[in-house]
> 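One structure, pasted below without further comment.
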Amino acid sequence: MAIQAVRGMKDLLPPEAPKWRFIEATAREVFGSFGFSEIRTPILERTELFARSIGEETDIVSKEMYTFEDRSGDSLTMRPEATAGVVRAFLENKLYAVPGPHKLCTIGPMFRHERPQKGRLRQFHQLDCEILDDAGPQGDAELLVMAAHLLERLGVRQVTLVLNSLGCPECRPVFKQQLQDYFAGRQGGLCEDCRRRLATNPLRVLDCKQEGCKEISLGAPLISGSWCESCGEHFDQVKRLLTQSSVTFETDPKLVRGLDYYTRTAFEFKTTQLGAQDAVGGGGRYDGLVEALGGPATPAIGFALGVERLALLLEDRPEWQQGPSLFIAALGDEPRDWAFGAAQELRRAGIWVEMSAAATSLKAQMRRANKLGASRVLIVGGEELKAGIAPLKDMANGEQEDLPLDQIVDRLKAAGA
RNA sequence: GUGGCUAUAGCUCAGUUUGGUUAGAGCGCCAGGUUGUGGCCCUGGAGGCCGUGGGUUCAAGUCCCACUAGCCACCCCA
């Protein structure tokens, strides 16, 4: 076989492209109305950035990154998520010099070396939003309301917002210790992975899908019991604001997210429509990340939505299949020359015009016009050219009218083409 | 990274069990049925290194192995 695309990297073909444009355009519109500015950061970053922000122990960093040495010997990585790069750009360009909050969004490809399946690619695309320098619960709520609003605008149904709070540096260690104490006596029933997680990240044990682990987790302490006063208050406020905004949600005290930098609010938008790939989007608060990357203490929160997964949930719409406003069917050499010129003139007026370059029968040209979805066909032969009047056929109802050739532009503009 | 299923025309799939003439269908495509009129209908036509490479055999789309890719589950996540 000839050269194939790299595994897990897909071509976006013309029939699918309008859906993507719709998703991206709607997202930009919604993000814009919430005051988000676009930022575009490089796909390549120093490996260190991801190792330090996402966490060395996470699956992403430990086994999923596209990492390589460039020609100067620097270790570079193709971004597996957007937040780290955005935060890096925020610091490097000293965007914090202006008072916050800073609302930034970005749309683009991410890369993770995983085993591909439906809704999971090695190059995939995210709609990503971050609010930097915002500590209050209204920041969390605003972001979630915006995401819910976008899903609604897109017409994506059957998506549930699942919420949890992971606590802060104040209360999470207490909970971690409680968990470790609880599981310590029950290690025997845990899977191999979980026994390892117990030391590194005991919260993940709660998230394990193995039967034995699930059973043991049932009796485990819940993080909701360990929240410090301010974390509990923060979470209550977020929930209150969501309810006030009519955003429905569920809470799940076992929801844990894979990235180390999350604090307090963590969330996922889940669907039952995509099999094992049930997350359409996710995110959370990361109050410590900016400081950990060497910046000023800057509380922040963000989310990402997967474009491919959204596309899978969207039906095609008829308005995405628009055809040309006019097809010129020319019969004979002279009419074809005339049509070529007329087409350019109409196009200059912003009208989508097609014609066929080859000297084929009228029947073949009509078939082609029909296939392209042309709204009208102008039929021009030698007689019409001489008379300066040609039949214009409406392809929807089959009706034909005689139109003076010098009035085409006006006629089409009047028809809203 | 682990396990399972799959790969035949542009698309969806028969044919593989029990190896044996020119590998089929539907849809799509092209042309004709109308000296210059699309969609529906009828007729005809084009289009296939049967994923790639190796092996078994007189003979492989069919059996065996490897590779590649897709799908499903695990893992994890968008």
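Proteins come first, then strands; the chains are lettered A, B, ... in the order of their sequence lines, and each starts at number 1.
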> Classify the nucleic acid contact of Lys363(A) as base, sugar-phosphate or nothing, counting any heavy atom under 4.0 Å across all strands shown.
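If one applies the 4.0 Å heavy-atom cut-off, Lys363(A) turns out to touch a base.
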> Heavy atoms only, 4.0 Å cut-off, all strands: where does Gln123(A) land among base, sugar-phosphate and nothing?
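If one applies the 4.0 Å heavy-atom cut-off, Gln123(A) turns out to touch nothing in the nucleic acid.
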> Given the P atoms of rC65(B) and rG4(B), what is the spacing between them in whole Å?
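Between the two P atoms, the distance is 12 Å.
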> Starting at atom CZ of Arg367(A), determine the distance to atom C1' of rG39(B), rounded to an integer number of angstrom.
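Going from CZ in Arg367(A) over to C1' in rG39(B) covers 11 Å.
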> Please state how far atom CZ in Phe124(A) lies from atom P in rC77(B), giving the value in whole angstrom units.
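My rounded result for the distance is 12 Å.
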> Would you please name every residue forming a salt bridge (Lys or Arg N to Asp or Glu O under 4.0 Å) with Glu29(A), sequence neighbours left out?
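Only Arg153(A) meet the salt bridge (Lys or Arg N to Asp or Glu O under 4.0 Å) criterion with Glu29(A).
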> When rounded to the nearest Å, what value does the distance between P atoms of rU17(B) and rG51(B) take?
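Pairwise P distance, rU17(B) against rG51(B), rounds to 15 Å.
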> Quick one: label Glu383(A) by what it contacts on the DNA or RNA (base, sugar-phosphate, nothing), any heavy atom closer than 4.0 Å.
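Base, at least one base atom sits under 4.0 Å.
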> Using a 4.0 Å heavy-atom cut-off, does Gly282(A) contact any base of the nucleic acid, only the sugar-phosphate backbone, or nothing at all?
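Gly282(A): backbone/sugar contact only, no base atoms under 4.0 Å.
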> Once hydrogens and angles are ignored, does a donor-acceptor distance under 3.5 Å link the base of rC77(B) to the side chain of Arg112(A)?
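By the distance-only test, no, there is no pair.
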> Would you check if there is a donor-acceptor pair between the side chains of Thr83(A) and Glu130(A) at a distance under 3.5 Å?
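Thr83(A) and Glu130(A) do have a side-chain donor-acceptor pair below 3.5 Å.
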> When the P atoms of rU12(B) and rC76(B) are considered, how many whole Å apart are they?
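Approximately 33 Å lies between the P atom of rU12(B) and that of rC76(B).
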> The side chain of Lys118(A) lies closest to which of these nucleotides: rA78(B), rC75(B), rC71(B)?
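Nearest to the side-chain atoms of Lys118(A), counting from C-beta on, is rC71(B).
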> Can you find an N or O donor on one side and an acceptor on the other, under 3.5 Å apart, linking the side chain of Gln4(A) with the base of rG51(B)?
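Answer is no: no donor-acceptor pair is held.
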> What is the nucleic acid contact for Glu114(A), judged by heavy atoms within less than 4.0 Å: base, sugar-phosphate only, or nothing?
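Contact class for Glu114(A): base.
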> Please evaluate the base of rU2(B) for a donor-acceptor partner in the side chain of Arg115(A) within a cut-off of under 3.5 Å?
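Such a pair is found, so the answer is yes.
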> Would you write the dot-bracket representation of RNA chain B, where each base gets (, ), [, ], | or . depending on whether it forms a Watson-Crick or G-U pair under 3.5 Å and with which partner?
(((((((..((((......[...)))).(((((.......))))).....(((((..]....))))))))))))....
> C1' atom, rG19(B) versus rA59(B): distance in rounded Å?
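Looking at atom C1' only, rG19(B) and rA59(B) are 8 Å apart.
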> In whole Å, I'd like the distance from the CG atom of Leu362(A) to the P atom of rG33(B).
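It works out to 13 Å between those atoms.
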> Nearest to the Ala364(A) side chain among rG36(B), rU37(B), rA31(B), which nucleotide is it?
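Nucleotide nearest to Ala364(A)'s side chain: rA31(B).
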> Which of these, Arg28(A), Gln126(A), Arg40(A), sits in a side-chain contact (heavy atoms from CB on, under 4.5 Å) with Ile107(A)?
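Exactly one option meets the side-chain contact (heavy atoms from CB on, under 4.5 Å) with Ile107(A), and it is Arg28(A).
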> Using whole Å, what does the distance between atom P of nucleotide rC77(B) and atom CD of Glu268(A) come to?
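That distance rounds to 8 Å.
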> Choosing from rC77(B), rC72(B), rG70(B), which nucleotide comes nearest the side chain of Gln117(A)?
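Output: rC72(B).
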> So, the side chain of Thr271(A) versus the backbone of Gln158(A): is there a donor-acceptor pair under 3.5 Å, distance only?
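Side chain of Thr271(A) to backbone of Gln158(A): a pair is present.
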> Please evaluate the base of rC77(B) for a donor-acceptor partner in the side chain of Asp59(A) within a cut-off of under 3.5 Å?
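Looking at the base of rC77(B), it does not pair with any donor or acceptor on the side chain of Asp59(A) (distance under 3.5 Å).
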> For rC30(B), does OP1 or OP2 lie under 4.0 Å from any side-chain N or O of Lys371(A)?
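Yes, such a contact exists.
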> May I ask you to check whether Asp134(A) and His102(A) show a side-chain donor-acceptor distance below 3.5 Å?
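Looking only at side-chain atoms, His102(A) and Asp134(A) do not form any donor-acceptor pair under 3.5 Å.
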> Picking from rG36(B), rA31(B), rA73(B), which would you name as closest to the side chain of Ala276(A)?
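Selected nucleotide: rA73(B).
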> Ignoring hydrogens and angles, does a donor from either the side chain of Gln365(A) or the base of rU37(B) sit under 3.5 Å from an acceptor on the other?
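Donor-acceptor pair under 3.5 Å: no.
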> Quick one: label Gly8(A) by what it contacts on the DNA or RNA (base, sugar-phosphate, nothing), any heavy atom closer than 4.0 Å.
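Sugar-phosphate, backbone atoms only, no base.
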> By the 4.0 Å heavy-atom rule, please label Asp128(A) as base, sugar-phosphate, or nothing.
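The residue Asp128(A) makes no contact with any strand.
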> Using only modelled atom types and a 3.5 angstrom limit, is any donor from either the side chain of Arg309(A) or the base of rC77(B) paired with an acceptor on the other?
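Such a pair is found, so the answer is yes.
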> What nucleic acid atoms does Lys393(A) come within less than 4.0 Å of, heavy atoms only: base, sugar-phosphate, or nothing?
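Base, at least one base heavy atom under 4.0 Å.
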